[in-house]
Amino acid sequence: MPELPEVETVRRMLDESVRGLTIRSVALSGHRLREPIPATLPRRLRGRTIERVERTAKYLLIGLDRDLTILSHLGMSGRWLVLSPGQRLTLPHVHARIRFTDGTGLWFQDVRRFGLLRLVPTADLGRDPALARLGPDPVAEPPTGAGLRAVARGSRMAVKTFLMDQRRIAGLGNIYASEVLHRAGLDPRRHAGGLAPGEWEAVAAEIRAVLAEAIAGMGTTFSTYRTVWGEPGRYGESLRVYDRANEPCHRCGTPIRRIVQGQRSTFYCPSCQGGRSGPRRARAPRTPATRRAR
DNA sequence: ATCCTATCCTGTAGGC
DNA sequence: TGCCTACAGGATAGGA
């Protein structure tokens, strides 16, 4: 479940550790990932030098000389590992092994094989289907309340699902979508099109804050994610609701609730998030009893 | 157009 | 203890 902060952490470390190195050889496992790794990859990479490591949303763009980019997505369990020259390591599920001329190694490991390795001419990146579909990256273009509200206009999607829709805003996944909504005090079941301008301002502000804090903490380690050196991220300690079902809300003590939206778990505090502007309040006609209860 | 569902995959947690 | 099932979810194709 690497989301934007985890991918950004990997990007920074790769940029520091392998930029400027020249590829001597590449070996593939033969297993397919989300799509097959191009069989031509070893031949096309040999002799090229890594010039830059960039990121768009959850995609890593490893830029090589002579107009070629490795487009990589970590999926659920993908990992890039950097091996120092001479370092020996036995690991299962390694699908690509890059060896540089100085002896440094760069491996792509992916247990669940939802990841992606694709070669794209750098000049064509904007036209690649995976990238062309993406909405704005919230680090490159920090979201504003007005901007999000415009994108959500008329949408009946639950706001939690909306935040995870990479075509609307690209980079949030299941963990940070739940965190953002708790911090903004919004019920995840609300229709995205029904949020007030002030509520969108809160969402935008919390997206900016959560991403900045999570990047500073080198991401959240949940099960398999590690940095390229194998260290866990620190942001997991800061999570307020994710994977905390039945534990007390840090703000009010109410047990955190887990629901399922779009086949995914959502965690939220029924007291801090919802309250008066909760979803479908007016479903049943008000009786005197319910009116009194308010 | 918009939204929803099933699918890919494997390690792990929980039940019995 | 060991077997079995359910669950975790990012992206996407296809259906309603």
Side-chain angles (χ1 to χ4, degrees), chain A residues 1-11 29-37 55-61 71-80 91-96 108-118 120 128-135 137-138 150-181 188-195 211 214 219-226 232-233 236 239 241-247 256 258-268 279-280:
Chain A
M1 41 212 85
E3 305 180 27
L4 189 153
E6 291 74 37
V7 180
E8 174 63 15
T9 300
V10 172
R11 184 201 71 77
S29 70
H31 287 106
R32 75 173 272 145
L33 302 178
R34 187 199 312 173
E35 64 187 31
I37 301 175
R55 178 196 57 75
T56 296
K58 303 176 195 171
Y59 288 86
L60 277 169
L61 289 71
L71 181 62
S72 165
H73 195 291
L74 302 178
M76 293 295 307
S77 54
R79 263 182 84 182
W80 282 102
L91 271 186
H93 308 297
V94 177
H95 302 292
F108 187 77
Q109 181 199 36
D110 188 358
V111 173
R112 280 145 93 173
R113 298 199 263 130
F114 286 2
L116 175 73
L117 288 184
R118 188 183 283 177
V120 183
D128 187 274
L131 298 180
R133 273 191 273 265
L134 296 175
D137 178 288
V151 175
R153 192 179 309 277
S155 172
R156 303 179 55 78
M157 216 184 256
V159 61
K160 156 68 161 30
T161 309
F162 175 91
L163 291 179
M164 289 181 63
D165 184 343
Q166 305 298 299
R167 294 167 304 181
R168 320 282 194 142
I169 176 169
L172 299 178
N174 208 37
I175 296 176
Y176 295 109
S178 279
E179 293 299 308
V180 163
L181 290 174
R189 299 167 296 179
R190 298 269 303 280
H191 289 166
L195 266 59
L211 292 180
T220 302
T221 289
F222 193 81
S223 69
T224 57
Y225 161 80
R226 293 289 187 283
L239 295 179
V241 288
Y242 183 78
D243 200 36
R244 297 193 62 243
N246 302 316
E247 295 175 38
I256 299 299
R258 173 187 176 274
I259 59 174
V260 175
Q261 295 180 289
Q263 341 264 75
R264 299 291 176 259
S265 293
T266 296
F267 299 89
Y268 74 106
R280 307 191 207 104

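Everything quoted here is computed from the prediction, not taken from an experiment. Naming: A, B, ... by sequence-line order, numbering from 1 per chain.
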Do NZ/NE/NH1/NH2 and the carboxylate oxygens of A/Asp128 and A/Arg118 come within less than 4.0 Å? yes

Taking CG from A/Leu33 and C1' from B/dC8, how many angstroms apart are they, rounded to a whole number? 12 Å

Salt-bridge test for A/Arg113 and A/Asp110: reply yes if a basic N is under 4.0 Å from a carboxylate O, no otherwise. no

Are OP1 or OP2 of B/dC9 and a side-chain N or O of A/His31 less than 4.0 angstrom apart? no

For A/Arg168, answer base if it contacts any base atom (sugar-phosphate contacts may also be present), sugar-phosphate if it contacts only those atoms, and nothing otherwise; contact means non-hydrogen atoms under 4.0 Å. sugar-phosphate

Expected string for nucleotides 9-16 of chain C under the B/S/- scheme (protein heavy atoms, under 4.0 Å, primed atoms plus P, OP1, OP2 as sugar-phosphate) is BBBS----

What is the base-pairing partner of B/dA1, counting Watson-Crick and G-U wobble geometry with both distances under 3.5 Å? none

Would you say the side chains of A/Gln261 and A/Thr266 form a donor-acceptor pair under 3.5 Å? yes

Between P on B/dT2 and CZ on A/Phe162, what's the gap in Å once rounded to a whole number? 12 Å

Is there a donor-acceptor contact under 3.5 Å linking the side chains of A/Glu6 and A/Tyr176? yes

OP1 or OP2 of B/dT10 under 4.0 Å from side-chain N/O of A/Ser77: no

Looking only at atom types and distance, does a side-chain atom of A/His191 sit under 3.5 Å from a main-chain N or O of A/Gly193, one as donor and one as acceptor? no

Main-chain N/O of A/Val241 paired to A/Glu179 side chain as donor or acceptor, under 3.5 Å: yes

Result for 5'-nearest mapping on DNA chain B, choosing between A/His93 and A/Met157, is A/Met157

